[in-house]
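Computed from a predicted model, the values in this text were never measured in an experiment.
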Amino acid sequence: MDIPIEKKKKKRKWPWIIGLIILGIGMYVWNVYANLSSNIKSVHVEINRDKSELRVEKVNLEKKEPFSILLLGVDQRENDKGRSDTIIVLTINANERSTKMLSIPRDTYTKIVGYGTSDKLNHAYAFGGTKMAMASVENLLDIPIDYVTEVNMEGFKDIVDAVGGITVTNMLAFKEDGYSFPKGKIKLDGEHALAFVRMRKEDPNGDFGRQERQKQLIQGILKEGASVSSLWKYKDIFNALGDNISTNLTFGQMMELQKKHKEALNSIEQLYFNKGQGQMKNGIWYYMMNKKELKDVSTELKDHLGLK
């Protein structure tokens with residue numbers, strides 16, 4: 001009789017152990033969720049526009065409708081609103097499982113919507129903030145801009161450090177801000193990443209080379225941020241995001257992105273403007289778009305967004 005009793009005791013222990021594990025996991029997940037929702041509230045900003053004027057109806061992420069996001073990397077200066085020195089448009093199509101990423105030269109000469117003048121595109125943010133930047137990019141590309149995410153480039157390094165650094169493939173050996181970047185695969189911490197993405201004077205491709213490095217950094221952060229190991233760094237990641245990012249995406253919309261658009265964000269095709277020319281106007285250098293190239297890129301983005 002002793003043996004059966006002992007066996008019964010062992011069997012009774014397992015439900016308690018499993019229960020404790022489930023409870024521990026549940027508490028961890030709840031803690032992550034609580035921290036996430038709290039930080040998302042801190043990064044969410046309302047923009048006084050319900051939808052793009054180029055949309056008949058507001059885009060529905062739950063129905064996996066294609067949409068666009070404007071990424072603005074802002075270098076803020078003391079007593080200055082700052083300029084959007086990094087201007088990137090993403091179009092995401094969940095049904096095609098693809099994302100197109102377009103980097104726009106910051107010196108592009110274009111109409112600044114709502115300011116009554118034409119100037120460098122990156123001045124739109126300085127003149128009228130996020131809303132004017134969105135409207136000016138819409139006017140240039142003739143596509144709706146559905147959402148916007150603004151990143152403080154000085155704090156960008158905190159985000160890179162929070163995910164544990166990123167790995168990129170450097171196509172050009174160079175030095176910037178006292179750091180050396182050899183050719184090949186390199187691991188970057190936050191300070192190195194900021195210098196890596198800012199360099200353009202030593203690059204024979206100028207701003208276009210910088211755009212390629214921007215793409216690698218964005219992909220690196222997305223990859224590291226989605227990794228299992230990042231679960232243990234979630235507090236650092238959320239704090240870094242909360243301090244340095246603002247967006248008009250709500251918490252619910254971000255959850256829809258994670259659930260239904262994740263695969264599309266894992267496949268990014270880079271688009272460029274490289275057929276335009278530099279031109280001096282009143283002693284100031286501008287990038288003048290090639291009209292045919294601009295029209296071709298606009299058409300490609302419209303097709304990707306499912307617009308006729």
Side-chain angles (χ1 to χ4, degrees), residues 28-29 31-45 69 71-78 82-88 90 99 101 103 148-200 202-203 209-247 249 251 254 257-258 262 265-266 268:
Y28 178 79
V29 170
N31 197 24
V32 170
Y33 180 85
N35 277 273
L36 174 61
S37 57
S38 174
N39 277 271
I40 292 301
K41 287 177 183 176
S42 71
V43 305
H44 177 72
V45 292
I69 299 179
L71 302 180
L72 298 174
V74 180
D75 272 325
Q76 292 181 329
R77 303 160 178 82
E78 190 175 353
R83 289 173 174 81
S84 52
D85 286 341
T86 299
I87 305 169
I88 295 172
L90 300 176
T99 294
M101 174 178 168
S103 296
V148 63
T149 297
E150 181 183 320
V151 182
N152 173 13
M153 293 306 290
E154 273 300 321
F156 185 77
K157 58 182 181 289
D158 297 333
I159 299 170
V160 174
D161 285 335
V163 299
I166 61 171
T167 300
V168 298
T169 301
N170 187 26
M171 305 303 293
L172 174 74
F174 65 90
K175 292 183 179 180
E176 180 75 12
D177 292 344
Y179 300 119
S180 295
F181 299 93
K183 234 178 146 179
K185 282 195 174 183
I186 52 176
K187 182 75 178 282
L188 303 175
D189 62 12
E191 290 285 355
H192 284 79
L194 196 58
F196 179 78
V197 78
R198 276 180 167 166
M199 190 284 286
R200 68 172 179 167
E202 289 186 43
D203 196 323
R210 189 169 73 109
Q211 290 169 18
E212 176 60 30
R213 289 189 291 278
Q214 290 170 353
K215 173 192 170 184
Q216 287 204 54
L217 254 67
I218 290 171
Q219 287 180 315
I221 290 173
L222 288 173
K223 181 180 178 181
E224 294 298 331
S227 69
V228 174
S229 62
S230 290
L231 286 173
W232 307 108
K233 310 166 191 168
Y234 74 90
K235 284 189 177 180
D236 291 337
I237 294 172
F238 293 164
N239 288 336
L241 292 176
D243 291 340
N244 299 296
I245 285 183
S246 60
T247 181
L249 283 161
F251 178 69
M254 290 184 191
L257 284 180
Q258 177 65 20
K262 184 178 179 180
L265 290 166
N266 288 333
I268 300 178

**Report entry** Gap between atom NZ of Lys187 and atom CD1 of Ile166 - 0.5 Å precision
**Finding:** 9.5 Å
Requested in this report: Rounded to the nearest 0.5 Å, what's the gap from CG on Leu71 to CG on Leu90? Could you check?
Outcome: 4.5 Å
Report summary line: In this structure, CD1 of Ile87 is separated from CG of Leu72 (nearest 0.5 Å) by 6.5 Å
Query raised in the report: Out of Val160, Asp177, Asn170, which one pairs with Phe196 under the side chain to side chain contact (heavy atoms under 4.5 Å, CB included) rule?
Result: Asn170
Requested in this report: Report the distance from atom NZ of Lys157 to atom CG of Leu188, rounding to the nearest 0.5 Å.
Outcome: 14.5 Å
Query - For Ile88 against Ser103, the heavy-atom pair lying closest together - result: CG1-OG, 3.8 Å
Query raised in the report: How close do Met171 and Lys183 get, heavy atom to heavy atom, and via which atoms?
Result: O-CE, 3.2 Å
Query raised in the report: According to the interplanar angle, ranging from 0 to 90°, do the rings of His192 and Phe181 count as parallel (below 30°), tilted (30 to 60°) or perpendicular (above 60°)?
Result: perpendicular
Requested in this report: Decide yes or no for Val168 and Ile186: does some side-chain heavy atom of the first lie under 4.5 Å from some side-chain heavy atom of the second?
Outcome: yes
Report task. With rounding to the nearest 0.5 Å, note down the distance linking CD in Gln216 to OG1 in Thr169. Result -> 5.5 Å
Query raised in the report: Is any side-chain heavy atom of Leu249 less than 4.5 Å from a side-chain heavy atom of Leu257?
Result: yes
Report summary line: Separation between OH (Tyr179) and CG (Asp189), nearest 0.5 Å, reads 7.0 Å
Query raised in the report: Looking at Val74 and Glu150, what are the two nearest heavy atoms and their distance?
Result: CG2-CG, 3.7 Å
